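For reference, the structure is listed below as structure tokens.
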Amino acid sequence: MRTDTGQVFKLEDYRPTDYLIPETGLTFRLSPEATRLIAVLTVERRDGVAASMPLVLDGDGLTLSRIAIDGQTLAPADFFATPDQLTITTPPTAARFQLLIETELAPAHNEALMGLYRSSNVYCTQCEAEGFRRITYFLDRPDILSVYTVRIEAPHHEAPLLLSNGNPAGSGELADGWHYAVWHDPFPKPSYLFALVAGALGKVADSFVTLSGRVVELGIFVEPGKERLAGYAMDALKRSMKWDEEAFGREYDLDVFNIVAVSDFNMGAMENKGLNIFNDKYVLADQETATDADFANIEAIIAHEYFHNWTGNRITCRDWFQLCLKEGLTVFRDHEFSADQRSRAVKRIAEVRTLKAHQFPEDQGPLAHPVRPRRYREINNFYTATVYEKGSEVVRMIRTILGAETFRAGMDLYFERHDGEAATIEDFIKVFEDVSGRDLAQFSLWYHQAGTPNLTISSTHNAAAQEFTLEIEQSVPPTPSESRKRLMHIPLAFSLVGTDGKAIEYGGVEGASVEDGVIHIRKRRHMVRFSGVTERPAMSLNRGFSAPVTLSVEQRADDQFFLAGHDNDTFSRWQAFNTLLTEALISTFRQVLDGKQPGFASRLIELAGKIAGDETLEPAYRALALALPSEADIARDIGKNIDPDAIFSAREALTVAIAEANREIFSDLYDRLTDKDAFSPDAASAGRRALRNTLLDYLSLLHGGAALAARHFQSATNMTDRAAALSVLALRHNGSPETVKALAEFEAKYATDPLVMDKWFHIQASVPGPQTIHAVRALTGHPAFSMANPNRVRSLVGTFSSANQTGFHRADGEGYRFFVETVLQVEKRNPQLAARLATALRSWRSLEPARQGKAREALLSIANTENLSADLRDIIERTLA
Ligand code: LYS
């Protein structure tokens with residue numbers, strides 16, 4: 001484990017290296033305890049660099065066994081090696097030389113899952129961001145592009161399959177039952193995209209013919225026996241390849257494209273050139289074991305990693321500060337892909353829910369950072385919702401401002417101008433300025449300034465003058481180390497909605513530039529005057545979530561109800577309804593705190609029933625609309641002095657009120673939605689299941705609810721319905737005989753399927769209330785659980801601490817004590833995973849004082865632990881700062 005040194009990396013310190021490594025040859029002789037790697041690096045001194053300049057290579061916990069330059073073993077005086085650095089003190093005078101480095105590795109003992117490690121007897125690698133330096137000494141930074149040739153040797157019986165990046169370039173038998181394979185990747189790439197896989201795996205094969213006629217062999221490799229679970233992933237891959245040709249003109253460029261699913265993986269997946277490595281959770285699926293959400297995630301992540309081939313691999317990042325250049329952009333691309341494959345409006349609602357659930361709290365708390373940060377202590381901690389999701393929103397805003405056609409022209413120019421390079425955000429913005437002739441300087445603050453901007457908006461209608469005025473004021477709240485903010489360029493899509501639900505015509509507009517239904521807010525205050533407005537319109541604002549901002553709008557409740565029922569833009573309609581629900585929940589929360597009986601406006605309750613039964617709306621939309629804001633959403637919108645128990649009661653009260661008032665509509669619809677057709681994972685079928693399962697959740701709160709959920713569970717023919725019913729039983733009827741029985745049946749049926757057992761852990765960790773901590777503690781001892789596997793840890797510990805408000809924030813602080821224990825326990829093996837878990841307390845300052853004090857104690861007790869990893873110390877200290 002790399003302990004924290006306190007070193008801070010700064011964007012302004014970027015400097016190109018003195019040396020380049022145009023070619024890299026790697027020969028691995030694999031063995032679990034003692035893998036030998038001979039790296040032969042062609043090193044080139046840059047023009048103008050003095051020959052006396054030492055060559056300093058990065059390492060991380062390495063053991064050096066041999067070092068030679070141009071065939072000559074180096075004398076001890078010529079180099080200096082520590083586990084974390086190799087310095088060639090007097091490099092040859094020649095501008096180009098060959099450096100041979102032999103290291104010895106123990107993949108079987110690598111539990112951090114960075115570098116070369118073993119997962120279920122399969123050798124695999126993870127190098128992004130700085131894992132390659134755990135394999136060999138190197139200039140391990142993304143601006144060093146090298147052509148790799150990789151030879152892998154291993155015993156045939158142990159590793160019949162030997163894979164690396166690029167195209168196959170030879171294979172054969174060796175003595176003693178060993179064999180080898182050679183791979184050559186003609187595209188220069190940074191070390192973080194290197195990958196190796198070796199083991200016994202089953203293969204699903206297919207092929208794809210690109211637009212220009214290149215035949216690409218496709219392979220998905222999984223644990224033997226699980227091949228039939230890779231069909232959906234393969235289908236998603238082929239659809240992604242086709243879509244990138246159509247939507248962005250991007251073709252695949254190698255003869256093979258391989259995906260490997262492994263069961264121990266820190267993140268979702270990794271875009272290594274020609275050899276993507278996936279968390280098996282995002283590859284394996286069938287109706288019996290995967291939910292509709294799993295299918296949608298697989299589709300999105302397969303696409304995301306594939307799209308990286310252009311946005312990430314062909315054009316990579318100059319340094320890690322530019323991470324959003326590849327991630328934000330690639331998320332934007334995968335969002336667009338999913339929107340085209342599924343329902344655009346539904347996809348957009350889901351994206352915005354995710355953004356608000358994960359990015360807004362980050363932006364509003366101690367871990368806030370710009371989409372392109374300027375400082376980091378540990379880059380692993382910057383694979384965040386801000387870099388990914390807000391990064392995607394920023395790209396979306398560029399498209400909104402430029403229009404789809406000019407945006408596409410900008411992307412074409414980006415690919416043309418920067419192919420084969422390690423680029424920056426400035427390069428990216430420049431292409432859009434060049435194709436549009438616009439100045440995006442103010443806009444680019446979205447990359448550089450942290451925090452969620454707020455717009456305060458009010459309106460007046462002067463009937464006599466036929467004038468409608470919007471008064472808009474922007475503010476950006478202070479964030480850590482950025483107390484003063486500059487004014488931003490916010491593209492606010494809007495519509496003035498008339499009583500017929502349609503946009504009303506207006507004559508002229510002054511006070512801001514308004515183009516294609518978008519107000520461009522650039523100043524602190526705008527008075528936007530629309531002339532020729534005869535009737536007072538309702539304001540539909542931030543349509544399609546055109547900007548990732550919060551709104552404080554003065555709008556009559558009547559208008560809000562009108563939009564929730566009639567806005568002709570589906571997304572905006574959802575937004576209006578969601579705002580009404582949130583407002584109701586917040587005022588109920590206050591009633592609960594004051595000891596009052598909660599009451600709800602009957603028209604809100606009725607509207608829920610109307611939406612449910614509105615056959616003109618897609619079922620998936622209705623399901624999303626009826627899913628009340630989560631407890632965490634409500635807490636975020638309240639902002640301070642949070643009592644999670646009061647939020648829970650408020651939410652529960654609204655759920656019951658909606659269920660009781662709409663019982664007939666809901667139960668009639670529930671019956672009608674029963675699926676009689678054979679299972680299909682398509683979006684429309686998934687939408688019907690989602691609606692029915694949402695209705696089940698409401699109905700389960702009424703008389704006979706537990707029995708209904710138990711029937712739903714018993715009659716389920718797919719995992720979506722089965723897991724939904726189990727969740728309703730556990731969350732709404734914890735401890736009931738029906739729940740106990742269903743949990744036991746589920747456990748017995750899926751005991752040997754770890755990915756399905758994750759759902760079982762997840763559901764039990766989500767049960768609200770103070771008693772859940774005991775169940776969670778007990779489950780850490782379950783035979784299917786393991787602190788060494790990230791998926792298990794996330795589904796049990798991660799769910800409990802990040803997604804169970806009442807359980808985790810138990811008033812006596814017991815949840816926090818468990819947090820401290822498990823974070824420190826996980827850290828010993830896997831600091832990256834521990835740091836991720838530790839973000840669960842990032843909003844601790846918004847809790848009520850008693851819980852706040854206990855949360856702070858917990859954070860301090862971690863901070864006061866000696867020899868923390870760089871990963872964990874960084875998160876804890878920023879959280880406490
Ligand atoms: N680049 C990967 C992705 O597609 C994630 C790598 C994470 C490294 N810590 O999101």
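Numbers for residues simply follow the sequence, beginning at 1. For ligands, and for the atoms within them, numbers begin at 1 and follow the listed sequence. Since the model is a prediction, treat every value here as computed from it, not as a measurement.
- Taking the six-membered ring for Trp and the full ring otherwise, the centers of Phe321 and Tyr376 sit less than 6.0 Å from each other.
- What sits closest to atom 5 (C) of ligand 1 on the protein, heavy atoms only, is Tyr388 OH, 3.4 Å.
- For a threshold of 3.5 Å applied to N or O pairs, the pair formed by Glu305 and ligand 1 contains at least one separation below that value.
- Ligand 1 lies nowhere less than 4.0 angstrom from a heavy atom belonging to Met114.
- Listed by number with element, the atoms of ligand 1 under 4.0 angstrom from any heavy atom of Glu271 are 1 (N), 2 (C), 3 (C), 4 (O).
- Residue-ligand proximity, Ala269 to ligand 1, at heavy-atom distances under 4.0 Å covers atoms 2 (C), 3 (C), 4 (O), 5 (C).
- Ionic pairing of Asp58 and Arg141 is not present here: no N-O contact between side-chain nitrogen and carboxylate oxygen is shorter than 4.0 angstrom.
- With a 4.0 Å cut-off on non-hydrogen atoms, Met267 touches ligand 1 through its side chain and not its backbone.
- Below 4.0 Å from some heavy atom of His304 lie the following atoms of ligand 1, by number and element: 3 (C), 4 (O), 10 (O).
- Between the side chains of Trp310 and Asp244, no donor-acceptor pair of N or O atoms lies under 3.5 Å.
- Close contacts of ligand 1 with Lys326, meaning ligand atoms under 4.0 Å from a residue heavy atom, involve 1 (N).
- Ranking the protein heavy atoms by distance from atom 8 (C) of ligand 1 puts Glu128 O, 3.2 Å first.
- Smallest separation of non-hydrogen atoms from Ala112 and Asn266: O-ND2, 3.1 Å.
- Annotation: Phe257 is in aromatic contact with Tyr252 [ring centroid separation under 6.0 Å].
- In this structure, the side chain of Ser240 engages the main chain of Ala236 through a donor-acceptor pair within 3.5 Å.
- For Ser801, there are no side chain to side chain donor-acceptor pair (under 3.5 Å) partners, not counting sequence neighbours.
- Interface of Gln832 with ligand 1, defined as ligand atoms under 4.0 Å from a residue heavy atom, comprises 9 (N).
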